[in-house]
Q: 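Following this message is one structure expressed as structure tokens.
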Amino acid sequence: MSELTSKHSTPSTSAPADIFATTHWTIVLAAGQWSTPQSDRALEQLCHAYWFPLYAYVRRHGHTKEDAEDLTQAFFARFLQKNYLAGLSAERGRFRAFLLAALKHFLANEWDKSQRQKRGGNITHLSLDWQTADTQFQVAATSEPSPDKSFDREWAVALLAKVIERLQAECETEGRGQQFAELKIFLTAGKGELSHAEAAQKLGLEETAVRVSVHRLRKRYRQLLRDEIAQTLADAADVDEEMRALFGAFVN
């Protein structure tokens with residue numbers, strides 16, 4: 001575990017060489033069999049960022065909207081309060097796989113024992129956006145993949161949204177919020193959705209300047225994407241493999 005404990009330095013994403021200095025999941029794993037304020041906070045942040053794939057997984061197993069909300073919230077209450085690191089050791093390398101294995105364990109062994117916690121009871125709740133969750137699920141459900149493949153797909157969607165959010169925050173901090181709003185389409189849309197010339201006209205810039213800005217934006221997007229994926233892995237060397245696995249979920 002020496003390589004894990006060495007990653008407790010201050011994180012930095014300013015350059016590719018620093019991208020794996022610290023990751024959330026390695027902080028949790030480095031805590032071992034006990035929890036620390038840092039590891040508890042890191043675990044809760046990971047859960048908060050990637051809760052929707054779990055909700056979608058539960059829905060795809062036939063649970064109603066209300067029951068899926070109860071199940072997901074109750075799972076997180078148990079997950080954050082109990083030492084799940086003691087089990088499921090084979091899944092500890094990837095937080096994505098670990099979380100899904102923990103959910104499957106919960107559904108099979110906990111919920112079937114009628115241990116349901118009512119909403120509003122004395123349990124720790126994550127603040128989750130249930131209002132939009134069902135709408136998001138209905139849109140995603142049209143393609144009807146298997147529950148496990150759906151989980152991977154929704155995980156990838158959540159991850160990409162997190163990357164866009166981080167990149168937007170960076171640009172706004174640097175006073176380039178309006179530019180990002182116009183150019184982010186080059187990160188998410190298909191070819192031809194918007195031309196560089198059209199974007200240049202909207203921003204009042206030369207087309208060459210827009211092309212340079214888009215190139216830099218894409219480069220930073222790729223850096224942040226790798227960084228975000230690394231935050232869910234125990235070993236940064238697995239980033240490329242995890243990327244292939246996640247985006248393979250979009251292939252029917």
Q: Using side-chain hydrogen bond (donor to acceptor under 3.5 Å, both in side chains) as the criterion, list what pairs up with Glu242, not counting sequence neighbours.
A: Arg94, Arg96
Q: Of Phe76, Phe75, Phe98, which meets side chain to side chain contact (heavy atoms under 4.5 Å, CB included) against Leu103?
A: Phe75
Q: Among the clusters formed by ILVMFWY side chains lying less than 4.5 Å apart, do Leu187 and Val212 turn up in the same one?
A: no
Q: Got a second to check how far His48's NE2 is from Leu43's CG, nearest 0.5 Å?
A: 13.0 Å
Q: If the condition is side-chain contact (heavy atoms from CB on, under 4.5 Å), which residues does Ala197 pass it with, not counting sequence neighbours?
A: Ser195, Glu207
Q: With the side chain counted from C-beta on, respond yes when Lys65 and Tyr55 share a heavy-atom pair under 4.5 Å apart, and no when they do not.
A: yes
Q: What's the spacing between His63 NE2 and Glu69 CD if we round to 0.5 Å?
A: 13.5 Å
Q: In Å and rounded to the nearest 0.5 Å, what is the CZ to CG distance from Arg218 to Leu167?
A: 12.5 Å
Q: NE2 of His105 to CZ of Phe79: how many Å apart, nearest 0.5 Å?
A: 11.5 Å
Q: Distance check, rounded to the nearest 0.5 Å: Thr232 atom OG1 versus Leu99 atom CG?
A: 10.5 Å
Q: Where do Ala158 and Tyr50 come nearest, in terms of heavy atoms and distance?
A: CB-CD2, 3.9 Å
Q: Is there any ring pair (Phe, Tyr, Trp, His ring centres under 6.0 Å) pair reaching into residues 193-236, and which pairs are they, with sequence neighbours excluded?
A: Phe186-His196
Q: With sequence neighbours excluded, what pairs up with Asp148 under the side-chain hydrogen bond (donor to acceptor under 3.5 Å, both in side chains) test?
A: Lys104
Q: The criterion is salt bridge (Lys or Arg N to Asp or Glu O under 4.0 Å); which residues satisfy it with Arg41, sequence neighbours excluded?
A: none
Q: With clusters defined by side-chain heavy atoms of hydrophobic residues (ILVMFWY) lying less than 4.5 Å apart, directly or transitively, does Phe52 cluster with Phe250?
A: yes
Q: Heavy-atom distance under 4.5 Å between the side chains of Leu225 and Leu160, does that happen here?
A: yes
Q: Run the numbers on Leu217 and Cys171 for side chain to side chain contact (heavy atoms under 4.5 Å, CB included), then give the verdict.
A: CA-CA 9 Å; Leu217 207 59; Cys171 290; 3.9 Å; yes
Q: Could I get the full list of side-chain hydrogen bond (donor to acceptor under 3.5 Å, both in side chains) partners for Ser213, not counting sequence neighbours?
A: none
Q: Excluding sequence neighbours, so at least two apart, what forms side-chain contact (heavy atoms from CB on, under 4.5 Å) with Thr36?
A: Ala31, Trp34, Gln38, Ser39
Q: Residues in side-chain contact (heavy atoms from CB on, under 4.5 Å) with Ala49, at least two apart?
A: Lys162
Q: Are Arg176 and Glu170 packed together at the side-chain level, in the sense that at least one heavy-atom pair is separated by less than 4.5 angstrom?
A: no
Q: Name each donor-acceptor pair under 3.5 Å that joins a side chain in residues 199-206 to protein atoms two or more places apart or in another chain, with its distance.
A:
none

Q: Among all residues two or more places apart in sequence or in another chain, which pass the side-chain hydrogen bond (donor to acceptor under 3.5 Å, both in side chains) test with Gln168?
A: Glu172
Q: Looking at Gln45, I'd like to know if its CD atom is crowded, meaning that more than 12 non-hydrogen atoms belonging to other residues, nucleotides or ligands lie closer than 6.0 Å.
A: yes
Q: To the nearest 0.5 angstrom, please state how far the CD atom of Glu182 sits from the CG atom of Leu194.
A: 8.0 Å
Q: Using side-chain heavy atoms (C-beta onward) and a distance below 4.5 Å, is Tyr57 in contact with Trp155?
A: no
Q: List the steps, then state whether side chain to side chain contact (heavy atoms under 4.5 Å, CB included) holds for Arg222 with Lys219.
A: CA-CA 5 Å; Arg222 288 192 293 270; Lys219 182 179 179 180; 4.1 Å; yes
